[in-house]
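Let me begin by presenting the structure, written as structure tokens, before commenting on it.
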Amino acid sequence: MAFFLNLFTPETWEAFQAHGASVSGFRHRQRRIARERVHQGDTFICYLVGLSRWCGVLEIISEAYEDESPIFEDPDPYTWRFKVKPLVCLDVKRAIPIFEDAIWNQFSETKGVEKRAKGWAKATFRSSLRQMDDADGALLLKLLTEQDTQRTTYELT
């Protein structure tokens, strides 16, 4: 099982949930990665761009396929899709900020980086379908699963 980054805006996360939280989509330019590297049984770790929060864990239950029916927008730019099963699906206020010490100080991309340092997110959160380090994926899976039970609220700033 491999972990892959799945980026959402608050709007696309809301649309994903409103549409049944069963299909995650990606842009046409990502079709090669979707077809060749991401497979059934892998896991998406979901991140809210703009809010810098981890919001979900999705088990991938299909191979990539193309579908132009609108989910996220109309017309929908996210036509390369996977059927998914949500393991954790947090609302925005319960999504875990990346700046929480339990994540920031352990996540390989941020460990040793000053919080909120200029440009900290450029390489890591540039696009979806980036394969994550196994230890990072396991850490986020653990913390998000715990949060799904604890339901701590993180106020928006």
Side-chain angles (χ1 to χ4, degrees), residues 1-92 95-100 102-113 119-148:
M1 168 181 73
F3 296 98
F4 290 88
L5 182 63
N6 193 345
L7 301 178
F8 288 87
T9 64
E11 295 78 19
T12 58
W13 184 244
E14 184 178 312
F16 167 75
Q17 291 179 14
H19 199 266
S22 61
V23 175
S24 190
F26 303 90
R27 293 185 183 276
H28 183 74
R29 70 175 181 262
Q30 296 172 295
R31 71 190 175 286
R32 186 181 61 73
I33 294 171
R35 286 192 318 232
E36 296 175 7
R37 295 185 52 215
V38 183
H39 301 287
Q40 185 174 346
D42 289 339
T43 302
F44 287 136
I45 304 291
C46 306
Y47 184 80
L48 288 168
V49 296
L51 296 180
S52 303
R53 291 174 177 230
W54 297 100
C55 58
V57 179
L58 309 174
E59 178 185 351
I60 301 166
I61 60 173
S62 77
E63 294 298 315
Y65 63 96
E66 190 171 23
D67 181 358
E68 294 183 5
S69 57
I71 294 176
F72 302 98
E73 298 175 25
D74 192 6
D76 198 329
Y78 309 107
T79 58
W80 278 91
R81 298 178 178 173
F82 293 89
K83 291 182 181 174
V84 296
K85 174 183 166 187
L87 303 178
V88 177
C89 199
L90 303 171
D91 63 51
V92 172
I96 306 171
I98 194 169
F99 301 111
E100 286 294 303
I103 295 176
W104 190 266
N105 296 332
Q106 298 299 316
F107 189 62
S108 65
E109 304 285 340
T110 56
K111 187 178 0 179
V113 176
W120 69 268
K122 282 186 181 176
T124 304
F125 302 104
R126 190 176 202 152
S127 68
S128 288
L129 299 183
R130 184 172 170 271
Q131 188 165 351
M132 299 176 75
D133 176 82
D134 287 343
D136 288 343
L139 169 71
L140 292 166
L141 173 61
K142 175 185 176 290
L143 293 174
L144 288 162
T145 301
E146 289 171 358
Q147 173 62 352
D148 197 32

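Smallest separation of non-hydrogen atoms from Ser52 and Tyr47: CA-OH, 3.0 Å. Heavy-atom minimum distance, Trp104 versus Thr110: O-OG1, 2.8 Å. Between Trp80 and Ala64, the closest heavy-atom pair is CE3-CB, 4.3 Å. Minimum interatomic distance between Val38 and Glu63 (heavy atoms only, all atoms of both residues): O-OE1, 3.8 Å. Shortest non-hydrogen contact noted between Ser24 and Phe16 is N-CE1, 4.4 Å. Of all non-hydrogen atoms in Asn6 and Leu58, the two that sit nearest each other are ND2-CD1, 4.0 Å.
For Glu14, the CD atom counts as loosely surrounded, since its 6.0 Å shell holds 12 or fewer non-hydrogen atoms of other residues, nucleotides or ligands. Around CD of Glu73, the count of heavy atoms belonging to other residues, nucleotides or ligands within 6.0 Å exceeds 12. Counting non-hydrogen atoms of neighbouring residues, nucleotides and ligands closer than 6.0 angstrom, the CZ atom of Arg27 exceeds 12 such neighbours.
Aromatic pair Phe26/Phe44: centroids less than 6.0 angstrom apart.
The shortest distance between side-chain heavy atoms of Tyr78 and Val23 does not fall below 4.5 Å. Counting only heavy atoms from C-beta outward, the side chains of Leu87 and Thr145 never approach each other to under 4.5 Å. Considering only heavy atoms from C-beta on, Leu144 comes within 4.5 Å of Ile45 through its side chain.
Rounded to the nearest 0.5 Å, atoms CZ (Phe72) and CD (Glu11) are 13.0 Å apart. Separating the CD atom in Glu100 from the CD atom in Gln106 is a distance of 13.0 Å, to the nearest 0.5 Å. Summarising the geometry, atom CD belonging to Glu66 is positioned 9.0 Å from atom CZ belonging to Arg35; distances are rounded to the nearest 0.5 Å. Rounding to the nearest 0.5 Å places CE of Met1 at 14.5 Å from NE2 of His39. Rounding to the nearest 0.5 Å gives a distance of 13.5 Å between CZ of Arg53 and CH2 of Trp13. Here the straight-line distance linking atom CG of Leu141 with atom CD of Glu146 works out to 9.5 Å at 0.5 Å rounding.
A side-chain contact (heavy atoms from CB on, under 4.5 Å) with Trp54 holds for exactly one of Leu48, Val88, Leu90, Ile98; it is Ile98. If you run side-chain contact (heavy atoms from CB on, under 4.5 Å) between Ser62 and each of Lys85, Lys83, Arg81, only Lys83 comes through.
Here the side chain of Gln30 pairs a donor or acceptor atom with the backbone of Ser128 at under 3.5 angstrom. For the pair Asp76 (side chain) and Ile71 (backbone), a donor-acceptor distance under 3.5 Å is present.
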